[in-house]
Amino acid sequence: MLLCGAVSMVIPQSVQTAAEEGTILEDDLSVLSDRIVDYKIEVELDPTNKIVQGHEILTWRNRSGKGVQDFCFHLYLNAFRNNRSTFVREGRYQSLWAGEEKIPEDHWGYTQVKSVEVVSSDQEVVGSDYAHPDDDNEEDRSVLIVHVDKPLPPGEEIQFRIDFESKLPRGTRRTGWSEDYFFVAQWFPKVGVFSEEGWNCHQYHRSTEYFADFGIYDVSLTVPSNFVVGATGMRISQQENTDGSMTHRYYQEDVHDFAWTASPRFLKKTEVFTDPTLPEVEVTLLLLPEHKDLEERYLAATSHALRYYGHWFGAYPYKTITVVDPAYRSSSGGMEYPTFITGGTHFWAPATVLRPEGVTVHEVGHQWWYGMSANNEFEEAWLDEGLNSWSESKVQKHTYSPSRYMVRFFRDIPFVFNSVEIPFETASLSAVRRSGQDDVMIRRGWEYSSNTAYRTNSYSKPEMVLWTLERWIGEKTMLEAMRTFFQRYKFKHPTTQNFIDTFNEVIGQDMSWFFDETLFSSELVDYAIGTARSTEIPERQGVFDNGIIQPLNSGEEEGTRQREYLTEVVVQRLKGARFPVDVLMVFDDGEKIRRSWDGQDRWEKYSFQKPTRLEYASVDPDRKLLLDINPTNNSRYRATDKGFALATKKWASKWLFWLQNLLETIAFMA
């Protein structure tokens, strides 16, 4: 492991030569994306005033079939411009920064466009104004429309020069600064996505992330010379300046965003990820000194993600990835950008609790789900967050022991419950139980009933849906379907319907009923055994067809009569979601009877007359329905020594189940 400081990496000769000449030559690799945009950005960081200032040259290609005269840009940092932005308004005018009744002046941020001009043709900018396409908030400034004097024809390109200044807020919403640490994300005027339907350029909402086209980024960052820098892409040069600053130049093709970080305190660690069947990747870890003991944990988690995502879905196509250990309370942890992520941990990080591992695997995984498979996070957040949450849990299941439950007291002091394991397949079930019924999964991010509903339906519920689907169709078919979906839509903008169509095709049957009950429904799943009993059938007495008779076995000696039992099992659907389920009934002679129920009615009864009694009954005995919010009511046992042992095991499981949920509820309320 090397401490590299600010020394630049080895640059391929073709790229290095091009950089010296002031131009960039395309890599020898085939073009991966449609490259609608091309950004050349030059900026300087003023660490005292927390300002990034400079200009960008944006080349935009009209790949639609219509002329374009108005151009929409995201100005994300204007969400923090004042307390009247849509972002803040959706927080009910509460402070974005915990514990602050009045927001201090240094917490505000903005992007100010100083000038815009067309530099590629005879077109001219004739004006600009702010738009609020999602609400009626005229004071929101997160979308800018630039008007030119005549339409850009289909197939043509236009080049803008935009001079801008971005004031970074104190760390919030995964961007900003904290002391001498700067995490610079969503910081430049970024053009929206244009299609035949027009511009898709939503305002910055409290419960949304991002959407952009693929292209090329060539970015020069000037910072104080003692700052260590990390960014999207590959650093192709660094130059010392006479004023004590240094300019770092980064370049990356076939990505849809660019973010960077800088701090004089970073420890820079590098290693090369290798795998017999995958391309090498240079991994850079920017680690804060207080977390230097976590170096191997960060790097191991990064390697696990690169390996398993690469084998399951497709190889990571870039040469580098940078992992940032975020500063304490900088609000920049757990975020993904192309080839560039932030992890997250605490000063005390118990080895039995997978942090930073879990968040690192998750954010590296976003290089696939959203990085390359670039869905619209404004409108279908589940399609990256949900797919990635499932993928992350699957990687951890293959590489780590189950995590233990932990509560932090006074925000930082950990207490680990070593007896409470968190199974990877059901770790998100408690969130579904708490708030899964609040809203449906398929909804635009800012239209969910609450931020909790957004998170549950973007992360937790889709993860549980995918684990359930895997149990339904099998791991091999699940991975085949996920790989097919990724390979088919990488470097494109897939939709929920693309996902459904791909799965139906690979599975070879119409699974619409499954998706209707999960993606498009807010109903919860809860099947239970309501009744499970065996009652001895008495001897025949009374009036039958042949008149009044004595008991049929009256002549038999006591204890020799063959006993008969009436067994009745009632299975119930306690919640609204409908799934076909199996019901297993096991008798005391070892006989097993399995029945399939379509799960449409509220209950179903099974009756048997046998010389043996029921030992136990179980609904969904193979635990295919991982979405079932209360698996502890899925079985009932008869009161025997054997049944007592089974019931004891069940109640121990129940105790751990409810203890875990109690602890999670306490943590949630805190």
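The first residue of the sequence shown is numbered 1, and numbering continues consecutively from there.
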S.K.: Side chains of Gln112 and Arg81: is there a donor and an acceptor less than 3.5 Å apart?
M.R.: yes
S.K.: Given ring pair (Phe, Tyr, Trp, His ring centres under 6.0 Å), test Phe160 with Phe71 step by step and report yes or no.
M.R.: CA-CA 10 Å; Phe160 294 97; Phe71 296 83; 5.2 Å; yes
S.K.: Using a distance-only test with no angle check, is there a side-chain donor-acceptor pair under 3.5 angstrom linking Thr496 and Glu380?
M.R.: yes
S.K.: Which pairs count as salt bridge (Lys or Arg N to Asp or Glu O under 4.0 Å) when at least one residue sits in residues 365-374, sequence neighbours excluded?
M.R.: none
S.K.: Just by distance, do the side chain of Tyr316 and the backbone of Thr320 share a donor-acceptor pair under 3.5 Å?
M.R.: yes
S.K.: Considering residues at least two apart in sequence or located in another chain, which fulfil the side chain to side chain contact (heavy atoms under 4.5 Å, CB included) criterion with Thr277?
M.R.: Asp275, His311
S.K.: Examine the side chains of Thr111 and Asn78 and answer whether a donor and an acceptor come within less than 3.5 Å of each other.
M.R.: no
S.K.: Classify the side-chain pair Asp257/Thr232 by whether it contains a donor and acceptor separated by less than 3.5 Å.
M.R.: no
S.K.: Ring-plane angle category for Tyr39 and Tyr217, please: parallel below 30°, perpendicular beyond 60°, tilted otherwise.
M.R.: parallel
S.K.: Are a donor atom and an acceptor atom from the side chains of Ser428 and Glu463 found within less than 3.5 Å of each other?
M.R.: yes
S.K.: Applying salt bridge (charged side-chain N to carboxylate O under 4.0 Å, His left out), run through Arg61 and Asp34 and close with a yes or a no.
M.R.: CA-CA 10 Å; Arg61 299 169 180 89; Asp34 52 12; over 6 Å; no
S.K.: Between Tyr459 and Arg455, is there a cation-pi geometry (under 6.0 Å to ring centre, at most 45° from the normal)?
M.R.: yes
S.K.: Verify the ring-centre separation between Phe164 and Phe188: is it less than 6.0 angstrom?
M.R.: no
S.K.: For the residue pair Trp199 and Gly192, what are the closest heavy atoms and their distance?
M.R.: CZ3-O, 3.3 Å
S.K.: Looking only at side-chain N and O atoms, does Glu209 offer a donor or acceptor that is under 3.5 Å from a partner on Tyr370?
M.R.: no
S.K.: Would you say the side-chain atoms of His366 and Glu385 include a donor-acceptor pair closer than 3.5 Å?
M.R.: yes
S.K.: How about Phe183 and Phe340: are their ring centres within less than 6.0 Å of each other?
M.R.: yes
S.K.: Regarding Glu379 and His202, do their side chains bring together a donor and an acceptor under 3.5 Å, going by distance alone?
M.R.: yes
S.K.: For the residue pair Phe214 and His493, does the interplanar ring angle fall in the parallel (under 30°), tilted (30 to 60°) or perpendicular (over 60°) class?
M.R.: parallel
S.K.: If we ignore angles and hydrogens, is there a donor and acceptor under 3.5 Å between the side chains of Ser33 and Asp254?
M.R.: yes
S.K.: If you measure only the distance, is there a donor-acceptor pair under 3.5 Å linking the side chains of Gln487 and Tyr489?
M.R.: no
S.K.: Do Phe499 and Trp382 make the cut of ring centroids closer than 6.0 angstrom?
M.R.: yes
S.K.: Going by distance alone, is a donor N or O of one side chain under 3.5 Å from an acceptor N or O of the other, for Glu280 and Thr274?
M.R.: no
S.K.: Do we see a donor-acceptor contact under 3.5 Å between the side chains of Asn388 and Ser391?
M.R.: no
S.K.: What class does the angle between the rings of Tyr210 and Tyr204 fall in, given that below 30° is parallel, 30 to 60° is tilted and above 60° is perpendicular?
M.R.: tilted
S.K.: For a 4.5 angstrom cut-off between non-hydrogen side-chain atoms, does Thr172 reach His107?
M.R.: no
S.K.: Would you check if there is a donor-acceptor pair between the side chains of Ser245 and Thr222 at a distance under 3.5 Å?
M.R.: no
S.K.: For residues Phe211 and His74, establish whether the separation of their ring centroids is below 6.0 Å.
M.R.: no
S.K.: Out of the candidates Trp368, Trp312, Tyr309, only one should pair with Phe486 under the side chain to side chain contact (heavy atoms under 4.5 Å, CB included) rule; please name it.
M.R.: Trp368
S.K.: Quick one: do the His205 and Asp134 side chains pair a donor with an acceptor below 3.5 Å?
M.R.: yes
S.K.: Please list every donor-acceptor pair under 3.5 Å in which a side-chain atom of residues 49-56 meets a protein atom from a residue at least two apart or in another chain.
M.R.:
from	atom 1	to	atom 2	distance (Å)
Asn49	ND2	Asp46	OD2	2.7
Lys50	NZ	Pro47	O	3.0
Gln53	OE1	Lys114	NZ	2.7

S.K.: For Tyr181 and Ser332, does a side-chain donor sit closer than 3.5 Å to a side-chain acceptor?
M.R.: yes
